[in-house]
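Structure, as structure tokens:
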Amino acid sequence: LREKIRELELSFTQKYPPVKFLSEKDRKRILITGGAGFVGSHLTDKLMMDGHEVTVVDNFFTGRKRNVEHWIGHENFELINHDVVEPLYIEVDQIYHLASPASPPNYMYNPIKTLKTNTIGTLNMLGLAKRVGARLLLASTSEVYGVSLSWTNAIHCMKERKKLLSLENGSSINSAVGPFIAFKLHPEVHPQNEEYWGHVNPIGPRACYDEGKRVAETMCYAYMKQEGVEVRVARIFNTFGSRMHMNDGRVVSNFILQALQGEPLTVYGSGSQTRAFQYVSDLVNGLVSLMNSNVSSPVNLGNPEEHTILEFAQLIKSLVVSRSHIQFLPEAQDDPQRRRPDIRKAKMLLGWEPVVPLEEGLNKTIQYFSRELEHQANNQYI
Ligand code: NAD
Ligand code: UDP
Ligand code: UDP
């Protein structure tokens with residue numbers, strides 16, 4: 001009863017969202033790196049509302065103060081402008097390590113910085129975890145699986161190999177049949193499970209992110225084995241929701257903005273390629289369950305419900321009640337034809353699975369984007 005009265009007192013006297021009262025023994029000091037970003041700010045909301053003490057560390061590269069401003073001044077909340085590439089000395093019980101640009105234009109903008117953030121930044125957070133005995137959860141990504149060997153890729157690789165063989169040692173085209181048979185015997189891993197080691201180009205334009213996250217995972221397990229640091233690794237698949245970046249060129253934000261502004265919805269290729277998107281609140285619940293579980297090996301967090309891109313376009317158009325038409329543009333280069341997580345491990349070991357229906361998540365995101373467009377329009381004239 002005393003706890004309920006305290007919660008009520010707080011909600012009457014303060015301008016903040018309602019916060020549960022936790023006794024000192026249950027209340028944790030939690031650090032969220034990248035906490036002013038899209039996912040991090042929703043995680044901040046959940047952990048604050050659950051009654052914990054939250055410290056957000058962010059350098060505001062892609063995040064913004066506005067995402068967490070509703071907590072500023074709260075006695076359980078602290079916001080530190082800090083770059084994780086520099087050492088950090090604070091006292092905490094848990095670390096959610098999310099700091100890293102996540103969308104391709106953002107992480108390709110300064111690949112060296114992306115590498116430093118994912119390597120030196122992760123090393124610093126593991127050093128901190130080791131010193132204070134905190135548990136660290138790494139926000140890894142489905143990109144560690146890289147480009148799966150789809151049939152188009154396999155055929156492309158075979159053609160390249162044929163060229164090489166005939167150019168380099170004058171061998172006949174038939175000697176290139178070997179790799180083709182190998183591809184036939186080892187088709188694409190789809191959906192991807194945690195046992196798959198991935199297929200990543202170490203020198204391609206995405207390598208700063210993909211390989212950065214792969215080495216971040218390696219560091220976690222080195223600190224676990226050598227130093228006894230408790231680690232958790234979430235491999236996150238495509239996620240959407242409010243506070244995602246408006247202009248990062250990804251399909252959900254593109255289609256919603258285009259539909260809201262009456263512009264054509266740009267479908268690359270035939271639109272038959274598929275993706276599976278999870279709503280951000282599902283991801284946040286998954287991250288918290290994983291952190292508080294005893295599962296130290298990597299776990300996929302994503303929504304396995306697969307849709308074609310054309311279905312996405314039609315659904316968003318109808319939810320926005322937009323008169324935009326659908327425009328078919330040339331297919332994007334190396335565009336994976338299918339991506340879908342295998343989440344059996346999360347289901348079995350965490351009892352977690354996504355619960356927010358796609359339409360409900362899209363409606364919330366559409367509301368957010370239309371408020372943002374209004375906000376932008378109003379600010380233009382100030
Ligand atoms: P985001 O860009 O919105 O958030 C990243 C946050 O990290 C930003 O607030 C940014 O300012 C901060 N940051 C970047 N470099 C930093 C540094 N050197 N020091 C301190 N702060 C720094 O991206 P997001 O979508 O919220 O992604 C969060 C995490 O989840 C990332 O690690 C990302 O790799 C991972 N992830 C996201 C998705 C997705 O679909 N959104 C998918 C897979 C993995
Ligand atoms: N570190 C940090 N905060 C701490 C402890 C360590 O940022 O509270 C950094 C430290 O600067 C170092 C990194 O984490 O660069 C790895 O720390 P560790 O103790 O493993 O390595 P060492 O300091 O022995 O090189
Ligand atoms: N896509 C599209 N129109 C757009 C943006 C993306 O048809 O305006 C397609 C893209 O070719 C890909 C899918 O949507 O097949 C998902 O693209 P996104 O960049 O969102 O994510 P990723 O490819 O990394 O899964």
Side-chain angles (χ1 to χ4, degrees), residues 32-43 56-64 67-68 80-92 96-104 106-107 113-114 116-118 120-132 134 138-144 206 209 212-213 216 219 223 226-227 229 234-241 243-245 248-255 257-258 265-278 280 283 287 301-302 308-310 312-313 327-329 331-339:
I32 306 179
T33 72
F38 159 50
V39 176
S41 61
H42 285 282
L43 181 61
V56 163
V57 160
D58 207 293
N59 69 350
F60 302 111
F61 171 48
T62 51
R64 46 187 198 164
N67 288 343
V68 288
I80 304 177
N81 183 344
H82 176 88
D83 192 314
V84 292
V85 172
E86 302 300 328
L88 175 71
Y89 290 86
I90 58 173
E91 307 300 314
V92 287
Y96 287 87
H97 180 38
L98 273 61
S100 163
S103 78
N106 291 333
Y107 66 66
K113 182 67 190 193
T114 302
K116 284 184 184 169
T117 297
N118 278 300
I120 305 171
T122 302
L123 186 84
N124 283 336
M125 292 310 105
L126 285 163
L128 169 63
K130 176 182 117 182
R131 182 179 61 79
V132 299
L138 172 73
S140 184
T141 168
S142 57
E143 300 287 312
V144 299
R206 287 170 176 256
Y209 183 69
K213 290 286 187 185
M219 282 176 175
Y223 270 79
Q226 201 174 320
E227 304 288 355
V229 173
R235 291 187 180 150
I236 302 169
F237 284 67
N238 298 52
T239 306
F240 74 102
R243 302 186 197 143
M244 72 191 298
H245 305 277
D248 68 7
R250 301 186 117 185
V251 74
V252 175
S253 43
N254 272 10
F255 285 175
L257 280 175
Q258 290 162 342
L265 272 65
T266 51
V267 170
Y268 304 154
S270 66
S272 61
Q273 69 271 39
T274 66
R275 289 293 185 276
F277 286 93
Q278 72 182 324
V280 65
L283 170 61
L287 292 173
L301 295 177
T308 69
I309 293 303
L310 187 57
F312 268 116
Q327 182 183 24
F328 291 91
L329 294 178
E331 190 178 318
Q333 199 191 343
D334 288 342
D335 200 7
Q337 283 304 296
R338 300 180 76 187
R339 188 187 292 142

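Indexing begins at 1, ligand by ligand and atom by atom, following the structure's order.
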When you compare ligand 1 with [X], is there at least one nitrogen or oxygen pair between them that comes in under 3.5 angstrom?
X      : answer
Asn238 : no
Lys113 : no
Val39  : yes
Val85  : no
Pro101 : no
Tyr209 : yes

For [X], atoms of ligand 1 separated by under 4.0 Å from a heavy atom:
X      : value
Phe60  : 11 (O)
Gly63  : 8 (C), 9 (O), 10 (C), 11 (O)
Gly37  : 3 (O), 4 (O), 8 (C), 9 (O)
Thr141 : 43 (C), 44 (C)
His82  : 19 (N), 20 (C)

Do we see a donor-acceptor contact under 3.5 Å between the side chains of [X] and [Y]?
X      : Y      : value
Arg235 : Ser142 : no
Thr266 : Gln258 : yes
Ser253 : His245 : no
Asn118 : Ser100 : yes

Check each N or O atom of ligand 3 against all protein N or O atoms and list the pairs under 3.5 Å, with atom names and distances to 0.1 Å, one per line.
residue: ligand 3; atom: 3 (N); partner: Thr266; partner atom: O; Å: 2.6
residue: ligand 3; atom: 7 (O); partner: Tyr268; partner atom: N; Å: 2.8
residue: ligand 3; atom: 8 (O); partner: Asn254; partner atom: ND2; Å: 2.8
residue: ligand 3; atom: 8 (O); partner: Thr266; partner atom: O; Å: 3.3
residue: ligand 3; atom: 8 (O); partner: Thr266; partner atom: OG1; Å: 3.0
residue: ligand 3; atom: 8 (O); partner: Tyr268; partner atom: OH; Å: 3.4
residue: ligand 3; atom: 11 (O); partner: Asp335; partner atom: OD2; Å: 2.6
residue: ligand 3; atom: 15 (O); partner: Gln273; partner atom: NE2; Å: 3.0
residue: ligand 3; atom: 15 (O); partner: Asp335; partner atom: OD1; Å: 3.2
residue: ligand 3; atom: 15 (O); partner: Asp335; partner atom: OD2; Å: 2.7
residue: ligand 3; atom: 20 (O); partner: Val251; partner atom: N; Å: 2.8
residue: ligand 3; atom: 23 (O); partner: Arg275; partner atom: NH2; Å: 3.1
residue: ligand 3; atom: 25 (O); partner: Asn238; partner atom: ND2; Å: 3.1
residue: ligand 3; atom: 25 (O); partner: Arg275; partner atom: NE; Å: 2.7
residue: ligand 3; atom: 25 (O); partner: Arg339; partner atom: NH1; Å: 2.7

Yes or no: does [X] have any heavy atom under 4.0 Å from an atom of ligand 1?
X      : result
Lys116 : no
Asn106 : no
His97  : no
His245 : yes
Phe240 : no
Gly121 : no
Thr33  : no

**Q.** Set of salt bridge (charged side-chain N to carboxylate O under 4.0 Å, His left out) partners for Arg250, sequence neighbours left out
**A.**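 Per chain and number, Arg250 pairs via salt bridge (charged side-chain N to carboxylate O under 4.0 Å, His left out) with no residue.
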| query | Of all residues at least two apart in sequence or in a different chain, which pass the salt bridge (charged side-chain N to carboxylate O under 4.0 Å, His left out) check with Asp83? | reply |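 Residues passing salt bridge (charged side-chain N to carboxylate O under 4.0 Å, His left out) with Asp83: Lys113.
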- Arg131/Glu91 ion pair, N-O < 4.0 Å: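 Result for this pair is yes, salt bridge flagged.
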Fill in: Salt-bridge criterion met for Arg206 and Glu143 (N-O under 4.0 Å)
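Result for this pair is yes, salt bridge flagged.
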| task | Would you check whether Leu88 has a nitrogen or oxygen atom less than 3.5 angstrom from a nitrogen or oxygen atom of ligand 2? | result |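 Leu88 vs ligand 2: N/O contact under 3.5 Å present.
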For Leu123, take its heavy atoms, then give the atoms of ligand 2 lying under 4.0 Å from any of them.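 This gives 13 (C), 14 (O), 16 (C) as the contact atoms.
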Which of the ligand 2 atoms, numbered from 1, are nearer than 4.0 Å to a heavy atom of Lys130:
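Listed by number with element, the hits are 18 (P), 19 (O), 20 (O).
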**Region of Ser140 engaging ligand 1 - heavy atom pairs below 4.0 Å** =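 Backbone only.
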**Asked** Hey, does the side chain of Asn124 reach the backbone of Val84 with a donor-acceptor pair shorter than 3.5 angstrom?
**Response**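 Yes: the side chain of Asn124 pairs with the backbone of Val84.
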query = Hey, is the main chain of Ala139 close enough, under 3.5 Å, to the side chain of Lys213 for a donor-acceptor pair?
reply =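 Judged by distance alone, yes, a pair lies under 3.5 Å.
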Students should be able to answer this: which protein heavy-atom is nearest to atom 19 (N) of ligand 1, and at what distance?
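The protein heavy atom lying closest is Val84 N, 3.0 Å.
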- [ ] Around atom 22 (C) of ligand 1, find the nearest protein heavy atom and jot down its residue, atom name and distance.
- [x]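 Closest protein heavy atom to atom 22 (C) of ligand 1: Asn59 OD1, 3.0 Å.
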*asked:* Could you go through Asp58 and Thr33, starting from their C-alpha distance and side-chain angles, then the distance that decides it, and tell me whether this counts as side-chain hydrogen bond (donor to acceptor under 3.5 Å, both in side chains)?
replied: CA-CA 6 Å; Asp58 207 293; Thr33 72; over 6 Å; no
Original post:
Looking at residues at least two apart in the chain, or sitting in another chain, which of them share a ring-ring contact (aromatic ring centres under 6.0 Å, His included) with Phe255?
Top reply: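 Checked Phe255 against ring-ring contact (aromatic ring centres under 6.0 Å, His included); zero matches.
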